[in-house]
Amino acid sequence: MVAAATNRDTRLGRRVLRRNRIAISAAFIIAGAAIGSWTGRIPAVQHDLGLTDDRLSIALLALAGGGLAGMRLAGRLGDRLGPSRVMTVAALAVGATLTATAFARDVWSLSVALVIFGVVHGALNVTMNAAAVVCQNGYQRPIMTSMHALFSIGGAIGAGAAAVCAHTGLDRIATFGIVGFALTVAAAWLAPRARPPRAHVRGVQHPPEQAGAAPTGVGRRVWLLGLLAFCALLSEGAAADWSSVYLDRIEAGPAAAATAYAAFAAAMTIGRLAGDRLATAFRPHTLLRVGGLIAGVGIGAGVLAGTPVAAIAGFGLLGVGLSCAIPQLYSAAGNLHPTRPGAALSRVAALGYLGFVTGPVAIGGAAARVGLDRALLLLPVLTIFLAAAAHVIKPAATAAVPPAAVPPSAPPGERAGVPAGERAGERAGVPGQSDGAAGAERGRPAGAPAAEPGKSAGSTDSQPGDAPPPMLGSSPAGKTSG
């Protein structure tokens, strides 16, 4: 009877975890589509409202400020109420707040609307990443990078929808109304699927201080991870805003200039689609280090060569190298305190977003003084620093907070993670264990705590009769799905 109940609970946990992953994936697409459609219609907004570049900058600054505020607020709310719950509310609201921006009549009403849109989008950004960390811990294998690939795909969908609406003559109100309605329908579909599986831990009592207190040294690691996220997203923002301009400066022609950012974006999306398999095959910090070197050497050589072909190849290599950086950094931040992923993640995301917003401005200021070609040499400096500091995302040697710990304050259905079952032949790197030690270390998501000596990777202090966790994505042949 106990074995039958265990198997039933395991099958149920697998189904719920799979549904939870699908819902989080939809949230990433929604977030990307929302910002992509807004970006695609910025010229129309500027023209319709008669905004000068200075006044448009004020409105865009309001969007950035709202995003930062939303990230910080959502981190606390996500830890208190559960990241999936806050993610669902934000996903339901983002379409309406996007539509509201279309009804602005001047720079001030537009700024107010963009602050609200930024708060909601920032909240969605942080909580969907926190929910992905929880889901990833349930899978016990990397899934974060493919989630970020879906964000990129969503951005392309949103920008494409905006372009189609503009081509057919629809104004910004119709465009944002159509896109906003579609996003709301998608969010309503994901809402009942977003609830994560319960942690099946019965008969185990964790001390309150163990479940709720932050592990030692978390504050310092948060700042280091935030600094790396700042460098990575500053480089992304600079590529988005200055790649085409640089190609134009070296007289590449309009078609080649547009190809530079296309190469960067396509390479980043392809890298993210393959990123989970790479993170499984190699240690996350190794992936981050190699990616940083590829990005730094690629963009540095491309800019120094000064030819269109070399520059396009350089921006493509920059996209490949940076593709896995943010997913690994966010995963490490969320795992610093497995029962409270939102607080650390919101700080790291906010610092990264600050780099994305200020990076293009910094490159522009430097270009006015030393030239754009020299200003862009900041990017290889930042990405090589990213490679040099990749050890920051290494998991701790011991688990300060057990992954299966369930804080007393956690609401029903919103547990911090699913207790990990023991993988056959894989043990956390304990001297004298089986040959699967290296595989267990490589397969652990970035920042996830290692098992205590003498325990298998992902094991918990469960009592007999505890339901084992879902272990999804493995086929009889031992292959994992994307």
Side-chain angles (χ1 to χ4, degrees), residues 24 27-28 30-31 34-35 63-94 97 115-137 144 147-148 151 194 196 211-215 217-230 232-233 326-357 392-393 400-401 403 405 407 409-411 414-417 445-448:
I24 298 169
F28 273 83
I30 289 170
I35 202 67
L63 174 62
L68 289 171
M71 289 177 185
R72 295 296 293 126
L73 176 64
R76 299 187 183 94
L77 285 177
D79 285 344
R80 183 173 181 179
L81 304 176
S84 291
R85 290 185 176 184
V86 182
M87 178 192 75
T88 301
V89 173
L92 288 168
V94 75
T97 57
V115 166
I116 298 171
F117 176 55
V119 168
V120 173
H121 194 273
L124 177 59
N125 192 326
V126 165
T127 52
M128 70 187 186
N129 276 286
V133 169
V134 174
C135 186
Q136 179 174 254
N137 289 341
M144 181 70 86
M147 296 283 188
H148 282 255
F151 180 88
V218 164
R220 177 175 174 272
R221 291 192 69 191
V222 166
W223 284 107
L224 290 173
L225 291 170
L227 177 61
L228 297 184
F230 180 90
L233 285 177
I326 288 299
Q328 299 307 317
L329 293 170
Y330 283 6
S331 180
N335 279 310
L336 287 178
H337 193 0
T339 61
R340 294 287 188 270
L345 184 54
S346 67
R347 294 180 189 175
V348 173
L351 287 169
Y353 186 66
L354 186 63
F356 187 82
V357 171
V392 172
I393 70 169
V401 179
S409 59
E414 186 67 46
R415 301 307 187 203

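Note that these values count all heavy atoms, side chains included, but never hydrogens, waters or copies made by symmetry. Note that the coordinates shown come from a computational prediction; the quantities given were computed from them, not determined experimentally. Numbers here are sequence positions counted from 1.
In terms of heavy-atom proximity, Val348 sits nearest to Val222 at CG2-O, 3.7 Å. Between Cys135 and Ile24, the shortest heavy-atom contact is CB-CD1, 3.8 Å. Pro83 approaches Ala130 most closely through the heavy-atom pair CB-CB, 3.8 Å. When every heavy atom of Leu225 is checked against every heavy atom of Ile393, the shortest pair comes out as CD2-CG2, 3.6 Å. Closest approach of Val133 to Ser331, counting heavy atoms only: CG2-CA, 4.1 Å.
Screening Leu77, Val89, Val86 for a side-chain contact (heavy atoms from CB on, under 4.5 Å) involving Thr127 leaves a single residue, Val86.
The distance from atom CG of Leu68 to atom CG of Leu354, rounded to the nearest 0.5 Å, is 6.0 Å. To the nearest 0.5 Å, atom OH of residue Tyr330 and atom CE of residue Met144 are 9.5 Å apart. Distance check, rounded to the nearest 0.5 Å: CD1 of Ile30 to CE of Met87 gives 8.5 Å. From Phe28, atom CZ reaches atom CE of Met128 across 4.5 Å, with rounding to the nearest 0.5 Å. Remark: Thr88 OG1 to Leu124 CG distance equals 9.5 Å, nearest 0.5 Å. Put simply, CD1 on Ile35 and CG on Asn125 are 9.5 Å apart, with the number rounded to the nearest 0.5 Å.
Side-chain contact between Leu351 and Leu227 is absent, with no heavy atoms from C-beta onward closer than 4.5 Å.
By the ring pair (Phe, Tyr, Trp, His ring centres under 6.0 Å) test, Phe117 pairs with His121, sequence neighbours left out. The side-chain hydrogen bond (donor to acceptor under 3.5 Å, both in side chains) search around Arg72 returns Ser346, not counting sequence neighbours.
Side-chain atoms of Arg347 do not come within 3.5 Å of backbone N or O of Trp223 as any donor-acceptor pair. With Ser84 contributing its side chain and Ala131 its backbone, the two residues share no donor-acceptor pair below 3.5 Å.
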